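Just below is one structure, and these are the notes that go with it.
Owing to the predicted nature of the structure, the values given are computational and were not obtained by experimental measurement. Protein chains get the first letters and strands the later ones, always in sequence-line order, with residue 1 at the start of each.
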Number of protein chains: 2
Amino acid sequence: MKHRATINDVAAAAGVSVSTVSKAVNGRYGVSSQTVDRVLAVVVELGYESSLIASSMRSRTTGVIGVLVADFEPFSAEILKGVGQALRHSRHDLLAYSGSHGSADGWERRSLSRLSGTLIDGAIMVTPTVVDAGTEVPVVAIDPHTGPADLPTVESDSFGGALQATRHLIELGHTRIGFIAGRPDLRSSIARDAGYRRALTEAGLAVDPTLVGSGSYRADAVREAALEMLARADRPSAIFAANDITAIEIMRVGAELGLDVPGDLSIIGFDDIPEGSKSTPALSTVRQPMQMLGAEAARLLLALMQGETPDPIHLTLPTRLVPRATTAPPRTSAAGIR
Amino acid sequence: MKHRATINDVAAAAGVSVSTVSKAVNGRYGVSSQTVDRVLAVVVELGYESSLIASSMRSRTTGVIGVLVADFEPFSAEILKGVGQALRHSRHDLLAYSGSHGSADGWERRSLSRLSGTLIDGAIMVTPTVVDAGTEVPVVAIDPHTGPADLPTVESDSFGGALQATRHLIELGHTRIGFIAGRPDLRSSIARDAGYRRALTEAGLAVDPTLVGSGSYRADAVREAALEMLARADRPSAIFAANDITAIEIMRVGAELGLDVPGDLSIIGFDDIPEGSKSTPALSTVRQPMQMLGAEAARLLLALMQGETPDPIHLTLPTRLVPRATTAPPRTSAAGIR
DNA sequence: CTGTTAGCGCCTTCAC
DNA sequence: GTGAAGGCGCTAACAG
């Protein structure tokens, strides 16, 4: 493990001062071209690269955009692809950071604090909950929390998507339709809940509170809620899950209970993550344009960073029903309605 | 944009010196518990978080693991998921960095130099080409370049996979089988080329050099090679592409040329990225366990960082044929052979 | 044109 | 138990 060359090493080897090296490397004026040449030759020879950290401490601008996530799971990975695509030709480096491991929640503020003001010039936060606007750098939130929408946001039409999903089940003939909710602090989760209820209501179906479980997008909570719901004699014949991860976990629980999907139980998710289309049977879902969420967030952020104030500061992208193999008419068609 | 609280703000507000704050925050000995309490109260009140950057400059260890990629495309995104999974319970933060935008190539060394020794305690590099071992932090390479295998690597069985892919085409009855190669500097690309040739040879088919194009995993190069190959009168009836991105681009070219896939042209890729199974028709491919590559790399790196010297320092993971809808027997079965 | 002098925010001796 | 001083690698004023 050899020590990497610092600006001091270069300066010493080239026989100049560190500030001269700094100027030469960064193409500042006020250095003779022959000095520049000599310095750059040494730079190549020593394999010197300026430390991102050290320079960011002084210069207040780094050309790096940060994407802050709780975790690298399928949803945030798709977002990341979209951001990467949008930034590919923008001479900005991209830094994705996941620092959830500290405290249970509040990762957003923590990560942002630790990186902002120094390392990154702007940030995109994925499913953040507690973020007070008024940080040092511009921030755009994707699929944000409930509460005052102080900062620019990009999300998809969760209400409309939930409506489509639930209507799809109703049209198949289901009347006992369960819902396993997501993180109650996310605006999108609440909208999906609302869409579910609206669809039932408009079809003249009552909302049975015992058919609504809370999953919080966490496997253990989902499992518990699903078990409770499916072990009952009057179990639902279909479940709408607040996202695909949740849906896949429910499929697992259903299998353990010996239920046939979609024969005994229809399941529909939300997101359309890659993992869903590869499950067996392939998961029916509502597609939200995740990569586009990322790309739009990047565009917004770029504008913000250039001091512009983009006009629509809250973007909502459309969702689309993607029926696959986990939804079907209920087997014992006591359906009746419609 | 309010300025975030620094250690100085905390010190001033608590009426102590910065060094006391540092000790209190980091749980060092030599501070009275009541002072600690007071300091921590101020920390909470001000929402102070130590700057990752500043502390990393002094402390030489940050608890952050870096994943260095050229770009956030499907392959590296899958890797990232795997790394994230492996690190989920390891109290390490994860930082993914893409800094390709500077110079054409050599991003690996540049990114590593800029981050290592300060920001990250260890690095996983995805498809790196030029990396001299002997950096400041432990490094593991995924799908590495050709040349001396100085550093620990994780890759999948490209030769075997290519063999399976090409045999699959041969078994379907194809005899004119093209190949569009990947980045010639990657060991995996060369192995796929070799597997292709071996499969042809063992089936008694000659390798026609005009049926081998170079794509370098770049859309424009792939397009050019595919156009040239497919515009000919004696065009191949099947093409094996060195990865799925390449295969998808070939599908596009085929469509433009009015070729029916798989009727006029069978195509098989390599990787099994999510995008492949969603194409129309669904892409036949060879699956490599991308998430597992990431997870294994993380495990290796963790061991390295703890000073251990893991025994198998080069891992090769198995691949598996996934025939889907883009491969079929040739229409005008002039096949004959076998 | 080039070198010197200050820090950026933090952590670590080393005195008090 | 606490504070002052020094320095990590770099850049941005200033001098020379």
### Message
It should be established whether Thr35(B) places a side-chain nitrogen or oxygen under 4.0 Å from OP1 or OP2 of nucleotide dT2(D).
### Response
yes
#### Entry: Side chains of Glu78(B) and Ile273(B) in contact at under 4.5 Å (non-hydrogen atoms)
no
### Query
Touch check for Ser55(B), heavy atoms < 4.0 angstrom, all strands: base, sugar-phosphate only, or nothing?
sugar-phosphate
### Query
Can you tell me if the side-chain N/O atoms of Arg28(A) get under 4.0 Å from OP1 or OP2 in dA12(D)?
yes
## Note on the structure
Rounded to whole Å, the CD1-P distance (Ile53(A) to dC10(C)) equals 15 Å
### Query
Considering only dT2(C), dG9(D), dC11(C), which nucleotide approaches the side chain of Ala54(A) most closely?
dG9(D)
### Summary
Ranking dC1(C), dG9(D), dT2(D) by distance to the side chain of Ser32(A), first place goes to dC1(C)
### 5'-most by nearest nucleotide on DNA chain D - Gln34(B) or Thr6(A)
Gln34(B)
### Query
Is it true that Glu73(B) and Lys81(A) have a side-chain N and a carboxylate O under 4.0 angstrom from each other?
no
### Task
Using the side-chain contact (heavy atoms from CB on, under 4.5 Å) rule, take Ile124(A) and Leu68(A) through it: C-alpha gap first, then chi angles, then the decisive distance, then the call.
CA-CA 6 Å; Ile124(A) 295 174; Leu68(A) 275 42; over 6 Å; no
### Task
Check every strand shown and say whether Ser50(A) touches a base, only sugar-phosphate, or nothing at a heavy-atom separation below 4.0 Å.
sugar-phosphate
### Query
Taking CZ from Arg38(A) and P from dT2(C), how many angstroms apart are they, rounded to a whole number?
8 Å
#### Entry: Listed nucleotide nearest any side-chain atom of Met57(A), set dT11(D), dC8(C), dC10(C)
dC8(C)
### Euclidean distance, atom CG of residue Leu119(A) to atom C1' of dC8(D) [Å, nearest integer]
15 Å
### Task
Provide, to the nearest angstrom, the distance between the CG atom belonging to Asp37(B) and the P atom belonging to dT2(D).
12 Å
### Task
Please report, rounded to the nearest Å, how far the C1' atom of dC10(C) is from the CZ atom of Arg114(A).
12 Å
### Query
Can you tell me if the side-chain N/O atoms of Ser51(A) get under 4.0 Å from OP1 or OP2 in dG9(D)?
no
### Query
When you measure from the side chain of Arg58(A), which nucleotide among dC11(C), dG9(C), dT11(D) comes out closest?
dT11(D)
### Message
When you compare the side chains of Asp71(B) and Ser98(B), does any donor N or O come within less than 3.5 Å of an acceptor on the partner?
### Response
no
### Query
Nearest 0.5 Å, what's the CG-CZ distance between Asp143(B) and Arg183(B)?
8.5 Å
### Task
May I ask you to say what Tyr29(B) touches in the nucleic acid, namely base, sugar-phosphate or nothing, with a heavy-atom cut-off under 4.0 Å?
nothing
### Message
For dG9(C) and Asn8(B) - does any side-chain N or O of the residue sit under 4.0 Å from the phosphate oxygens OP1/OP2?
### Response
no
### Nearest-angstrom distance from the residue atom CD of Glu49(B) to P of dC11(C)
12 Å
### Query
Side-chain N or O of Ser19(A) less than 4.0 angstrom from OP1 or OP2 on dT5(C)?
no
#### Entry: Short side-chain N/O contact to dC8(D) OP1/OP2 from Ser56(B), under 4.0 Å
no
## Note on the structure
Arg4(A) CZ to dC10(D) P, in whole Å, measures 6 Å
### Message
So if I take every side-chain heavy atom of Val31(B) and compare against dT2(D), dG3(C), dG3(D), which nucleotide ends up nearest?
### Response
dT2(D)
#### Entry: Nearest to side-chain heavy atoms of Lys23(B), which nucleotide of dG9(C), dT2(D), dT11(D)
dT2(D)
